[in-house]
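As a basis for the values below, the full set of heavy atoms in this structure was taken, side chains included, without hydrogen atoms, waters or symmetry mates. Both ligands and their constituent atoms are indexed starting at 1 by order of listing.
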Amino acid sequence: MSDISSLYRLRLPGPTAVPERIRQAIARPVLNHRGPEFRAILSRAEELMKPVLGTANPVLFFASSGTGVMEASLVNILAPGERVLVCIHGQFGERFASIAAALNAQVDQLHFEWGRGIDVAAIAEKLKTADYRAVVVVHNESSTAIVADLAALGRVVKDTPALLVVDSVSGLGGVEMRQDEWGVDILVSSSQKALMCPPGIGLASVSQKAWKIVDRDSGMPRFYWDFRKARASIEKSETPFTSPVSLMAGLREALEMIHEEGLPNVLARHRRLSTALRSGCEALGLRTFGGPDWLSSTVVALEVPASLNGGDIVKRMYDHHQTAIAGSRNKMQGRVIRIGTMGHLQDGDILTDLLYLEETLDHLGFDVRPGAGISAAAVLERGVTADAR
Ligand SMILES: *Cc1c(COP(=O)(O)O)cnc(C)c1O
């Protein structure tokens, strides 16, 4: 019946495994995208999404991957020739700079060492040197597993004319986000990471400060991505064009699950499991890439030992254990591997990761102490769980 083994394990930093309950919601009949049943789903999804974003803004939904809403965030605020400051601490920051360049913006780039947090003081200095329409940053750099200090950055950008534009595609739902409190002006994310859904929904939330810019008539040409149309529609619990109705039913279910568990508990679980996985990997001889500050809860990045190649680890994990983990698709290719710790993740998932990693490293000739990874992670889990009770 199925060409996918029941043992298949999706352990990427997105897309992530979709829980049964969400898959059942997606499997229900396709609805009229302007009928009462779907309006109810959309408005409930919007209502449940706001606390996850930490915002009172309307939430705009698009049929899109994450990159689509990254582009949308800039298309809606740039006028020809305007300048943006892109803060780059990994591959997705580079992508944001490429999008801005493709839109003919004047792009200034501030580069930070991959594996470290952003330097907010340096950004503040740079902001004084030119008129920027926006400061652009990736909240959770999936390529390095490092989180940006948005609270501090928000304080710096707030009192300037610039807008703070943030990609939290791989953070939202697994890493704390307080859009309004931190002063994030445009926040974009998508369905297939910590929000536990298949790929296909992009979302955006826009501050009052940013709406003033979005509402200018002097901006760039835009049609599908026009936030003004999306705002007018969501007020009627619709989207301007046909919603991915089945995926939206799944997203609504995912948000119900997040709120049933309790958002603080969801975030704490992500922190606990990512910490446990890192400890287990260290015990196996796989050192955490970067840090020690601002380590992500939704993705773990590991240095590949000098005697090995990351691609061989990824290949063995898939070929022998049907476990899809990620290498690096950038300058760290072969040297850094990554495992997602986002979404519907339980203790058993990371213990299984460690079991398979141990076999893989051993198979590749790397010296591992049998059981070291699992016992390091399990001890930590018991300790942290006991504290949390
Ligand atoms: C996954 C991801 C994206 C979006 O990628 P798509 O393939 O377009 O969905 C964007 N930014 C970050 C940080 C991501 O992790």
Side-chain angles (χ1 to χ4, degrees), residues 10-18 53 60-75 86-100 102-103 111-112 114-118 134-150 153 164-177 179 184 186-205 224-225 244 247 250-251 254 270 274 289-290 294-301 324-330 332 336-343 345:
L10 188 60
R11 301 290 300 109
L12 300 173
T16 60
V18 178
L53 292 159
L60 315 177
F61 296 99
F62 296 87
S64 170
S65 87
T67 306
V69 280
M70 290 167 79
E71 177 166 344
S73 71
L74 296 182
V75 165
V86 184
C87 308
I88 299 176
H89 62 132
Q91 183 187 335
F92 289 96
E94 289 180 340
R95 181 179 299 181
F96 234 148
S98 302
I99 294 169
L103 297 173
H111 289 267
F112 304 105
W114 289 27
R116 307 273 175 253
I118 57 169
V135 177
V136 178
V137 68
V138 173
H139 179 209
N140 186 79
E141 236 318 335
S142 320
S143 63
T144 60
I146 294 291
V147 172
D149 183 356
L150 293 182
L153 184 56
L164 179 55
V165 175
V166 171
D167 160 350
S168 191
V169 172
S170 66
L172 193 72
V175 177
E176 182 170 56
M177 169 55 67
Q179 180 178 12
V184 173
I186 300 189
L187 181 62
V188 296
S189 190
S190 64
S191 51
Q192 78 273 25
K193 310 257 167 130
L195 296 175
M196 304 181 283
C197 285
I201 300 173
L203 61 100
S205 158
Y224 184 77
W225 296 123
L247 292 178
L251 183 60
H270 280 82
S274 58
F289 173 77
W294 300 105
L295 290 172
S296 169
S297 296
T298 59
V299 50
V300 166
I325 64 168
S328 293
R329 302 175 66 227
N330 50 52
M332 303 184 304
V336 168
I337 57 171
R338 298 169 304 134
I339 303 177
T341 50
M342 60 181 92
L345 204 67

Checklist entry - Between Arg95 and ligand 1, which residue portion shows a heavy-atom distance shorter than 4.0 Å: side chain, backbone, both, or neither? => result side chain
Checklist entry - When you measure from the side chain of Ser189 to the backbone N and O of Leu203, does any donor-acceptor pair fall under 3.5 Å? => result no
Item to check | Val169 and ligand 1 - part of the residue with a heavy-atom distance under 4.0 Å | outcome: side chain
Checklist entry - atom 14 (C) of ligand 1: which protein heavy atom is closest, and how many Å away? => result Lys193 NZ, 3.0 Å
Checklist entry - At what distance is the nearest protein heavy atom to atom 10 (C) of ligand 1, and which residue and atom is it? => result Asp167 OD2, 3.4 Å
Checklist outcome for this item: ligand 1 atoms nearer than 4.0 angstrom to some heavy atom of Val138 are 13 (C)
Item to check | Polar side-chain atom of His270 near backbone of Ser296 as donor-acceptor pair, under 3.5 Å | outcome: no
Checklist entry - At a 4.0 Å threshold, what atoms of ligand 1 neighbour a non-hydrogen atom of Ser142? => result 12 (C), 13 (C), 14 (C), 15 (O)
Checklist entry - Just by modelled atom types, is the Gly340 backbone N or O under 3.5 Å from a matching donor or acceptor in the Arg11 side chain? => result yes
Item to check | Donor-acceptor pair, side chain of Ser170 and main chain of Asn140, under 3.5 angstrom | outcome: yes
Item to check | Subset of ligand 1 atoms that lie under 4.0 Å from at least one heavy atom of Ser170 | outcome: 13 (C), 15 (O)
Item to check | Side chain proximity check, Thr298 to Pro13, heavy atoms < 4.5 angstrom | outcome: no
Checklist entry - Thr67 heavy atoms, cut-off 4.0 Å: which ligand 1 atoms fall inside? => result 4 (C), 5 (O), 6 (P), 8 (O)
